[in-house]
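Because only heavy atoms are used, hydrogens play no part in the values below, and waters and symmetry mates are left out as well, while side chains stay in. Every value quoted in this text rests on a predicted model; they were computed, and no experiment measured them.
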Amino acid sequence: MPTILGQNQYGKAENRVVKITRDGATHHIKDLNVSVSLSGDMEEVHYSGSNANVLPTDTTKNTVYAFAKEHGIESAEQFGIHLARHFVTSQEPIHRARIRIEEYAWERIEASDANSRFIGADEVKHSFVRKGQEVRLTQITYDGSSWEVISGLKDLVVMNSTNSEFWGYVKDKYTTLKEAYDRILATQVSGRWRFNWTDDDQRMPNWEKSYEQTRKHMLQAFAETYSLSLQQTLYQMGARIINNRSEIDEVRFSLPNKHHFLVDLEPFGLKNDNEVYYAADRPYGLIEATILRDGCEAKIPVDLTNL
């Protein structure tokens, strides 16, 4: 045979599942986008078309919804762990399961002080508004013996309106950028972090608390770093996470520099004292790096789109 089969996987992508937990009149929402990918003894389905080892992707979809009912959704990570374990342990041909999850956050709408015509304000515990700050992410991979959990977020836009400079860089005949000693620093954070929980015998992290605290340390580092470069800020964000969250060994960020350029107002007889900016959406500088706990190996893919 002149050709052989290489890496392969299959599954059902982007299963949208919303789980409502009703605690009396108080409701709670978990809103997930779940993608299932399975691999194992799948040579024959490619070579001959035999489906003898194939669990239908429609079945994987149904499993997502059934597990939302049977197990609930305590966290995106825990839900992904339930799914990955099920597929690997219940289907002999499947050797590896990868579950990718996006989570969309909702927050409760605060009712007015005055009673509604139909519902008392103190009774409104079922109305929510979609949070627009970021999308939470996790990827669970299980091979029957060990786990890899990589969580993170994307589309979190942050800005420092001062305490940022950029100067002393290399200049050649094509350089036109002026040195800046007081600039806006803004970016749209895409970050992933890898947990050192890999075995069922280890104590499992508190996934919800870990996400909240990791996000907090990341944002505090962004705000508190006097930045001479976006690279410096990126490193401080990752280092703050590693130094404060013992369950995390590796952090990777992809940070587009959302440039803000001072508008020249002199033609109008006006002085622009770092007040009016043009927000450019493209092209943009793209800063990417991995921050590791000393002695640990980098395992998060360099191209985050491959997660």
Side-chain angles (χ1 to χ4, degrees), residues 31 33 102-107 109 128-137 151-193 211-212 214-241 251-291 300 302-307:
D31 185 353
N33 187 23
E102 297 180 342
E103 178 175 349
Y104 312 114
W106 295 78
E107 60 184 351
I109 296 174
F128 301 85
V129 58
R130 170 84 172 264
K131 284 185 178 179
Q133 287 187 294
E134 83 263 13
V135 176
R136 179 174 168 179
L137 307 167
S151 293
L153 54 78
K154 65 178 181 179
D155 299 334
L156 179 64
V157 180
V158 293
M159 174 191 288
N160 283 331
S161 57
T162 188
N163 285 358
S164 177
E165 305 178 18
F166 188 58
W167 52 271
Y169 44 80
V170 175
K171 301 178 181 68
D172 65 13
K173 65 179 182 179
Y174 301 110
T175 302
T176 59
L177 185 70
K178 295 181 180 179
E179 294 187 334
Y181 296 88
D182 185 7
R183 67 169 183 168
I184 287 177
L185 181 68
T187 186
Q188 183 170 324
V189 180
S190 177
R192 308 292 191 278
W193 43 90
Y211 180 82
E212 293 171 3
T214 299
R215 182 180 184 276
K216 180 192 74 172
H217 291 302
M218 178 187 68
L219 290 176
Q220 287 177 344
F222 178 84
E224 295 169 5
T225 300
Y226 191 103
S227 180
L228 299 178
S229 67
L230 184 52
Q231 286 92 331
Q232 177 193 17
T233 298
L234 180 154
Y235 183 81
Q236 290 300 320
M237 291 163 64
R240 185 81 66 97
I241 293 170
V251 182
R252 181 163 180 82
F253 285 117
S254 179
L255 302 184
N257 196 335
K258 299 182 77 67
H259 299 297
H260 289 69
F261 299 109
L262 279 171
V263 178
D264 182 9
L265 298 178
E266 289 187 3
F268 318 121
L270 300 172
K271 181 180 180 181
N272 192 354
D273 188 17
N274 291 337
E275 295 171 287
V276 180
Y277 297 82
Y278 164 66
D281 66 339
R282 64 192 66 180
Y284 51 84
L286 183 60
I287 312 302
E288 300 177 298
T290 299
I291 301 91
I300 300 176
V302 170
D303 185 351
L304 289 179
T305 62
N306 286 341
L307 276 178

For the student: nearest non-hydrogen atoms of Leu255 and Leu230, plus distance: O-CD2, 3.8 Å
Find out whether Phe253 and Thr187 are in side-chain contact, i.e. whether some heavy atom of one side chain is under 4.5 Å from a heavy atom of the other. no
Shortest non-hydrogen separation from Ser254 to Leu286 and the atoms involved: OG-CD1, 3.6 Å
Measure from the side-chain N and O atoms of Ser161 to the backbone N and O of Ile184, and report whether any donor-acceptor pair falls under 3.5 Å. no
Hey, are Ser227 and Thr233 close enough side-chain-wise for a donor-acceptor pair under 3.5 Å? yes
Whether the side chain of Thr214 engages the backbone of Tyr211 through a donor-acceptor N/O pair (distance < 3.5 Å, no angle test) should be reported. no
dist Tyr278:OH -> Asp264:CG (nearest 0.5 Å) comes out at 15.0 Å
Please report the interatomic distance CG(Asn163) to CZ(Arg183), rounded to the nearest 0.5 Å. 12.0 Å
With a 4.5 Å heavy-atom cut-off, do Glu102 and Lys154 have their side chains touching? yes
Taking atom OH of Tyr235 as the centre, does the number of heavy atoms from other residues, nucleotides or ligands within less than 6.0 Å exceed 12? no
Side chain proximity check, Met237 to Val189, heavy atoms < 4.5 angstrom: yes
Between Arg252 and Glu288, is there a side-chain heavy-atom distance shorter than 4.5 Å? yes
Glu179 side chain to Gly168 main-chain N or O, any donor-acceptor pair under 3.5 Å? yes
Checking Met218 against Leu153 for the side chain to side chain contact (heavy atoms under 4.5 Å, CB included) test, could you report, in this order, the C-alpha distance in whole Å, the side-chain angles of both residues, the deciding distance, and whether it holds? CA-CA 11 Å; Met218 178 187 68; Leu153 54 78; 3.8 Å; yes
Would you give the length of the straight line joining atom CD1 of Ile287 to atom CD of Gln231, rounded to the nearest 0.5 angstrom? 4.0 Å
Contact check, side chains of Leu185 and Phe166, non-hydrogen atoms, under 4.5 Å: no
If you count heavy atoms of other groups shown closer than 6.0 angstrom to NZ of Lys271, is the number above 12? no
When you measure from the side chain of Asn272 to the backbone of Val263, do you find a donor-acceptor pair of N or O atoms at a distance under 3.5 Å? yes
Correct closest heavy-atom pair for Tyr104 and Trp106 would be O-CD1, 3.4 Å
Hey, are the side chains of Leu234 and Ile291 touching, using non-hydrogen atoms and a 4.5 Å cut-off? yes
4.5 Å side-chain heavy-atom contact, Ile300 and Thr290: no
Quick one: side chain to side chain donor-acceptor pair (under 3.5 Å) partners of Glu165, sequence neighbours excluded? Trp167, Tyr226
Surrounding CD of Glu275 (heavy atoms of other residues, nucleotides or ligands, distance under 6.0 Å), is the total greater than 12? yes
Heavy-atom nearest pair, Pro283 first then His259, reads O-CD2, 3.8 Å
Drop me the distance from Arg192's CZ to Leu137's CG, to the nearest 0.5 angstrom. 4.5 Å
Would you say that Leu177 contacts Lys171 through its side chain, given a criterion of any heavy-atom pair below 4.5 Å between the two side chains? no
Taken to the nearest 0.5 Å, the spacing of Ile241 CD1 from Arg215 CZ works out to 11.5 Å
Check each of Gln188, Glu134, Arg136 against Leu156 using the side chain to side chain contact (heavy atoms under 4.5 Å, CB included) test, and report the only one that passes. Glu134
Nearest 0.5 Å please: distance from the CD atom of Gln133 over to the CG atom of Asp155. 12.0 Å
Donor-acceptor check, side chain of Asp182 to backbone of Thr162, threshold 3.5 angstrom: yes or no? no
